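Following: one structure in structure tokens, then a few remarks.
Remember, predicted model here, so these are calculated numbers, not experimental data. Order of listing sets the numbers, starting from 1, for every ligand and every atom in it.
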Amino acid sequence: MLNEPADAATATFAADPAFRADVLAGLAARPRAIPARWFYDRRGSELFEQITRLPEYYPTRTERALLAAKASEIAQIVGAGRVVVEFGSGSSAKTPLLLDAVAPSAYVPIDISGPFLRDSSAALARAFPDLPIHPVEADFTRPLHLPPEVMGMPRLGFFPGSTIGNLAAPAAVDLLRSMAATLGEGAMLLIGMDRAKPVDELIAAYDDAQGVTAAFNLNLLARINTELGADIPLDAFRHVARWNDDESRIEMHLEALRDVGFAVAGERFAIRAGETIHTENSHKYGPRGKRLLLAAGGWTVLADWTDPAGRFSILLAVV
Ligand code: AVI
């Protein structure tokens with residue numbers, strides 16, 4: 001059933017116009033696709049934190065162990081006294097490991113979510129009372145000015161989690177170039193990149209037995225309903241994770257289980273049974289692909305560390 005017009009109007013008015021535009025354009029496109037960045041409302045961020053602790057989701061724990069194992073090697077190359085600039089810092093869960101290792105002169109977490117940024121900065125300030133922390137609430141995908149307090153200081157960018165993998169190559173290259181512009185001449189970048197591996201391991205990581213990833217994917221539809229005055233029946237869709245070998249990526253989709261019609265912000269859509277809405281790409285890299293991507297983004301690789309099982313890599317690069 002459609003929402004009352006008054007409800008729809010109120011919800012539409014309060015919604016982020018970029019969210020509204022992406023959803024309406026994405027549902028009208030063929031194939032239908034909505035950018036993955038809209039997963040992360042409060043509930044979506046909570047579900048993602050749960051995903052990082054799932055037994056099947058190897059990236060977070062593998063990257064953390066690798067960072068801990070290579071901390072002193074990283075510190076040797078980076079040297080002390082750089083400003084650590086973390087892109088999309090979120091809960092800053094891996095940050096203490098790096099801050100302990102590289103003895104930075106300051107820490108600049110950048111995140112689009114103000115509340116998240118304030119909470120994680122406060123927690124880090126308690127753990128590192130002598131470290132100057134300058135949070136920046138901003139969209140890190142565009143070049144931005146760092147706080148005046150860190151002007152002229154050498155920088156180390158930190159971009160863990162293989163978040164780069166959520167972008168197709170052209171957007172990933174743009175982001176790497178934008179990071180180089182933000183960090184400036186002589187900067188270094190420490191970046192996590194997930195590796196290609198057997199398909200069954202990948203599918204398990206993106207379609208876990210407890211259904212947390214399914215809830216994360218379906219939460220996008222719940223968010224559309226709440227924020228855009230929509231009436232999408234959630235039970236008409238199921239979570240699908242599939243491997244796209246040509247593109248070397250896991251894709252997440254929401255597949256219609258039956259023919260379904262609904263309205264979003266007053267516009268009507270009809271989706272046939274079996275049709276999907278593509279909601280996320282998570283690219284997995286081979287040894288050369290990682291370096292090529294960084295090179296295209298203006299970065300020269302100085303070091304490339306991989307865990308013993310070959311699941312995940314951390315690369316250090318210089319601009
Ligand atoms: C944030 N990003 C790196 C995660 C990934 O693995 O691509 C998002 C995610 N999607 C499903 N599970 C985790």
Check the angle between the aromatic planes of His278 and His253 and answer parallel, tilted or perpendicular using the 30° and 60° thresholds. parallel
Quick one: sort the Phe48 and Phe216 rings into parallel, tilted or perpendicular, breaks at 30° and 60°.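 Rings of Phe48 and Phe216: tilted, as their planes differ by 30° to 60°.
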Taking distance alone, with no angle check, do [X] and ligand 1 share an N/O pair under 3.5 Å?
X: Asn281; result: no
X: Glu280; result: yes
X: Tyr40; result: no
X: Ser282; result: yes

Please identify which atoms of ligand 1 are closer than 4.0 Å to at least one heavy atom of Ser162.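 That gives atoms 3 (C) of ligand 1.
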Give the atom numbers and elements of ligand 1 that come within less than 4.0 Å of a heavy atom of Tyr206.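 Listed by number with element, the hits are 5 (C), 6 (O), 7 (O), 10 (N), 11 (C), 12 (N), 13 (C).
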Atom CZ of Arg258 with >12 non-hydrogen neighbours under 6.0 angstrom: yes
Ring of Phe19, cation from Arg223 - is the NZ or CZ under 6.0 Å from the centre and inside 45° of the axis? yes
Which residue holds the protein heavy atom closest to atom 4 (C) of ligand 1, what is that atom called, and what is the gap in Å? Tyr57 OH, 3.4 Å
Is any NZ, NE, NH1 or NH2 atom of the basic residue among Asp307 and Lys70 found under 4.0 Å from an Asp or Glu carboxylate oxygen of the other?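 Lys70 and Asp307: not salt-bridged.
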Structural part of Phe39 in contact with ligand 1, heavy atom criterion under 4.0 angstrom: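 It is neither part, as no heavy atom is under 4.0 Å.
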Select the closest option to atom 1 (C) of ligand 1 among Asn166, Leu54, Ile51, Asn217, judged by heavy-atom distance. Asn166
Distance (rounded to the nearest 0.5 Å) between Ile191 CD1 and Thr163 OG1: 8.5 Å
Check for me whether Gly161 has a heavy atom closer than 4.0 Å to any atom of ligand 1. yes
The single option from Ile271, Asn217, Leu257 passing side chain to side chain contact (heavy atoms under 4.5 Å, CB included) against Phe237: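 Of all the options given, the one that passes is Ile271.
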